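The structure under discussion appears below in the form of C-alpha cells.
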Number of protein chains: 2
Amino acid sequence: MVRSVGTPTKGNSLDIEIESKGTSRRRSRPPRRRRQEILEAAAGVFHEKGYKATSIQDIADAVGILKGSLYYYITSKEDLLFEILQDVHRQGLQNLERIEATSGTPMQKIRAFVTIHVTHNAENLVKMAVFFHDFRSLSPDRREIIVAERDLYDLHLRNLLVEGQKDGSVCPDLDPKLTAIEILGMMNWIYHWYRPDGGLSMSELAATMADFVVAGLACDPATHTPGHRRNFAPMPTVPPPRIDPNADEDDD
Amino acid sequence: MVRSVGTPTKGNSLDIEIESKGTSRRRSRPPRRRRQEILEAAAGVFHEKGYKATSIQDIADAVGILKGSLYYYITSKEDLLFEILQDVHRQGLQNLERIEATSGTPMQKIRAFVTIHVTHNAENLVKMAVFFHDFRSLSPDRREIIVAERDLYDLHLRNLLVEGQKDGSVCPDLDPKLTAIEILGMMNWIYHWYRPDGGLSMSELAATMADFVVAGLACDPATHTPGHRRNFAPMPTVPPPRIDPNADEDDD
DNA sequence: GTCTATACTACGATAGAC
DNA sequence: GTCTATCGTAGTATAGAC
C-alpha cells in the first residue's frame with residue numbers, strides 16, 4: 001500500500017514531509033499519551049482474562065471508546081501484546097546492565113541479582129504476568145526477540161554461581177545450571193501471589209528471597225564434605241501411593 | 001426437541017429400555033477406554049496451544065475423528081478441561097495423605113514434602129502445565145473445587161516450617177507463610193522447563209530441589225543471631241537505572 | 001478522533017443420516 | 001459410533017460518515 005517511489009506527485013522532492021505547521025506541535029502522529037493509556041488498559045485486561053480470551057471489545061470498554069475507534073491507534077491485537085511485552089523486555093535488559101556493573105564478592109553479586117530481579121517482577125506484576133502467560137501467543141519471530149532475554153538472565157545467574165564455586169562461597173556440589181533455574185523459578189512465580197497492597201513491601205520481599213537464596217547456596221569450605229546436603233535430614237520412608245480405583249495409567 | 005411424553009408411539013410402556021442384551025456387557029454407556037484416550041489427547045493439545053486457543057476441531061484431529069463425533073463422548077469443552085484437572089487433583093490429594101502419614105523430624109518431613117511434590121509435578125508435566133495455565137478458564141464453582149487443593153499444600157508446608165522452627169532446625173527469622181510460597185513457587189515452576197528426556201531423572205531433580213530447600217531453611221540454634229541471614233554477603237551498591245528515553249512511567 | 005455499520009471468518013454445539 | 005450439514009454466535013478488522 002506504499003505509494004510507489006517513481007510515481008510523480010504534485011510536490012517535488014520526497015514524500016516525507018517535514019514539520020510544516022509552524023508551531024512546535026507535531027502533526028499526523030497520534031498522541032503518545034492516549035496510546036500509552038491504551039497499552040496499560042490492554043495489559044490490565046490481558047492480565048485478568050488472558051490474551052486469547054480478551055476481545056478487542058473488552059479493551060475498548062476498558063479504555064472507554066468503541067472498538068472501531070481502537071483501530072485508529074493500533075493495527076492488530078497481537079501488536080498490542082508485543083508492545084506490552086517490549087516494555088518489560090527493555091527494562092529487563094537494562095537491569096542486566098545494572099547487575100553486570102555491580103561489584104563485590106560473587107555471593108554479593110548473587111544477592112544483587114536476586115534483589116533486582118525480584119524487584120523488577122514485583123514492580124511490573126501485570127506485565128510480567130502477561131509475559132509468562134501469553135508470550136506464546138506471539139508470532140515465532142517476535143517471541144524469539146522477547147524470550148532471548150530469559151536465556152540471558154539464566155546464563156548470567158549461572159555464571160555467578162560458577163564464580164561463587166570458584167571462590168568457595170557456593171557449595172561445590174551444586175549443579176549451576178539446575179540451581180540457576182530453581183532460583184529463577186522461585187522468583188518468577190511471584191506474579192501468581194504477590195500483591196503490592198498486601199502488607200509486604202517489595203523491598204522486604206526482595207530481601208527475604210535473597211536471604212533464602214544465599215542461605216541455600218552457601219557452604220563453608222572448611223567443613224564441606226561431598227554429599228553433605230543430601231545426607232542432612234535424610235529422606236524418611238514414605239507410605240506408597242494407595243491403589244486408586246480411578247487410576248487409568250498416566251501419560252505425560 | 002424431546003419427544004413429548006403424551007405422544008403415543010408404537011411400543012407400549014415407557015421409552016426407557018432396560019438391559020435386554022442378555023450378556024454382562026453394559027449397553028448405552030460409551031467405552032471408558034476411548035474416553036480416556038480423548039482426555040489424554042485433549043490434555044496434549046491444551047498444553048501445546050492453551051485451552052482458549054484450542055478448538056474442538058484441534059482435539060478431534062488429535063484423536064482422529066471428526067469434531068461432530070466428539071460430542072458423542074463429551075458435552076462441552078469445559079467439561080473436558082475439568083476432567084483433566086480432576087485427574088491431577090485426585091493425585092494431589094492422595095499425595096497429601098502420604099505426606100501426612102510420613103514420620104521423622106520436621107526437617108525430614110519437609111524433605112519428604114518437597115520430594116513428593118516435585119515428583120508429582122514432573123510425572124504429570126502436561127496436566128500440571130494445563131492446570132497452572134488454564135484453571136482460570138473453569139467456571140467459578142469448578143475452579144474453587146480444584147484450587148482448594150493448592151491452599152491445602154501451602155498450609156501443610158507452612159505448618160511443617162513452624163514445627164521446624166519449634167525444634168530449632170528451621171531458622172527462626174523466617175516467615176513461614178512467605179517461605180512456604182517461595183518454596184512452592186520453585187517447585188511449581190518445573191513445568192516451564194523440565195523434560196523427562198533431558199538427561200535429568202525425576203528422582204535426581206526431586207532430591208536436588210529438596211537439598212536446596214533444606215539448606216535454605218536450616219539454621220544452627222547454637223550460632224543463630226537475629227538477622228544473620230540478611231547480614232551474610234550483604235547487598236552491594238548497585239548502579240541506579242539509567243534514565244530511559246522510552247520510559248513512560250509504569251502502572252502495575 | 002470517535003462513531004456506525006458491516007464483511008469475513010472461526011468456533012461451539014446440535015440434528016439427523018447411516 | 002461416526003459421519004455430514006448447519007445453526008447461531010462472537011470475534012477481528014475495515015470502510016466510511018460525522
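Residue numbering restarts at 1 for every chain, and letters A, B, ... go by the order of the sequence lines. All of these numbers come straight from a predicted model, not from anything done at the bench.
Within the structure, a side-chain polar atom (N or O) of B:S69 is placed less than 4.0 Å from OP1 or OP2 of D:dC3. Between A:Y73 and C:dT2 there is a side-chain polar atom (N or O) within less than 4.0 angstrom of OP1 or OP2. One finds a side-chain N or O of A:Y71 lying less than 4.0 angstrom from the OP1 or OP2 phosphate oxygen of D:dA13. At the phosphate of C:dG1, OP1 or OP2 sits under 4.0 Å from a side-chain N or O atom of A:Y72.
A:T54 and A:D58 are not linked by any side-chain donor-acceptor pair at a separation below 3.5 angstrom, with hydrogens and angles left out of the test. No side-chain donor from either of B:Q91 and B:N95 sits under 3.5 Å from a side-chain acceptor of the other.
Rounded to an integer number of Å, the gap from A:L81 CG to D:dT12 P is 13 Å. What separates CG of A:L70 from P of C:dT4 is a distance of 14 Å, to the nearest Å. Between B:I74 atom CD1 and C:dG12 atom P the separation is 9 Å, expressed in whole Å. Distance, B:I65 CD1 to D:dT2 P: 6 Å, rounded to whole Å. Taking atom CD of B:E37 as the reference point, atom P of D:dG1 lies 13 Å away to the nearest angstrom. Residue A:L66 contributes atom CG, which lies 16 Å from atom C1' of D:dG11 at whole-angstrom precision.
Without hydrogens or angle criteria, A:D154 side chain to A:R150 main chain gives no donor-acceptor distance under 3.5 Å. Under the 3.5 Å distance criterion, the side-chain polar atoms of B:R242 are left unmatched by any main-chain donor or acceptor of A:Q94. At distances below 3.5 Å, not a single donor-acceptor pair connects side-chain atoms of A:K52 with backbone N or O atoms of B:Y51.
Ion pairing between A:D151 and A:R158 fails under the 4.0 Å rule for side-chain N and carboxylate O. We find that A:K49 and A:D134 are not joined by a salt bridge, their nearest charged nitrogen and carboxylate oxygen being 4.0 Å or further apart.
The stretch residues 47-61 of chain B comes close to DNA chain C through B:T54, B:S55, B:I56, each having a heavy atom under 4.0 Å from the strand.
A residue-by-residue look at B:K67 and B:R34 shows that B:R34 has its nearest nucleotide of DNA chain D further toward the 5' end.
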